Amino acid sequence: PIGFITAATPMAVEAWGSFLLAWIIRFAILKLGGAITVRTKLLPFASGMVFGTVAAYMLFGLVKAYLYYFHPSSLRFYMQF
């Protein structure tokens, strides 16, 4: 379903490999372990990855804000999106 949402956006060009890898992993776990394994093992793992990513971005944002406001001369890196 995520492919239908992102198909008309520029994000699809950049993220199709990640979507394909996620689909392959889910398909393999579904075939090897069944639906119970997907629900009990794969979904908590994926949720943890999402929350970990959000926490890392928040920590990086706090460090960058601290350096920007209190040590502006030490800030020598730029984020490019």
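Counting begins at 1 with the first residue of the sequence. The structure presented is a predicted model; accordingly, all values stated were derived computationally and were not measured.
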Grouping I, L, V, M, F, W and Y whenever their side-chain heavy atoms are under 4.5 Å apart, do Ile25 and Trp23 come out in a common cluster? no
For a quick test of reading the model, state the closest non-hydrogen atom pair linking Leu43 to Arg26 and the distance between them. CD2-NH1, 4.4 Å
Gap between atom CD1 of Ile29 and atom OG1 of Thr37 - 0.5 Å precision: 8.0 Å
Report the residues that fulfil side chain to side chain contact (heavy atoms under 4.5 Å, CB included) with Ile36, sequence neighbours left out, ordered by chain and then residue number. Arg39, Thr40
In this structure, would Tyr69 and Leu62 fall into the same cluster of hydrophobic residues linked by side-chain contacts under 4.5 Å? no
Aromatic ring pairing Phe70/Tyr66, orientation class (parallel under 30°, perpendicular over 60°, tilted between): tilted
Leu21 reachable from Leu30 in the ILVMFWY side-chain graph, under 4.5 Å edges: yes
Enter the distance from Leu32:CG to Phe27:CZ here, rounded to the nearest 0.5 Å. 9.5 Å
Is there a path of hydrophobic side-chain contacts, each under 4.5 Å between heavy atoms of I/L/V/M/F/W/Y residues, joining Phe19 to Val50? no
Treating Ile, Leu, Val, Met, Phe, Trp and Tyr as nodes and any side-chain heavy-atom pair under 4.5 angstrom as an edge, say whether Leu67 and Met58 lie in one connected cluster. no
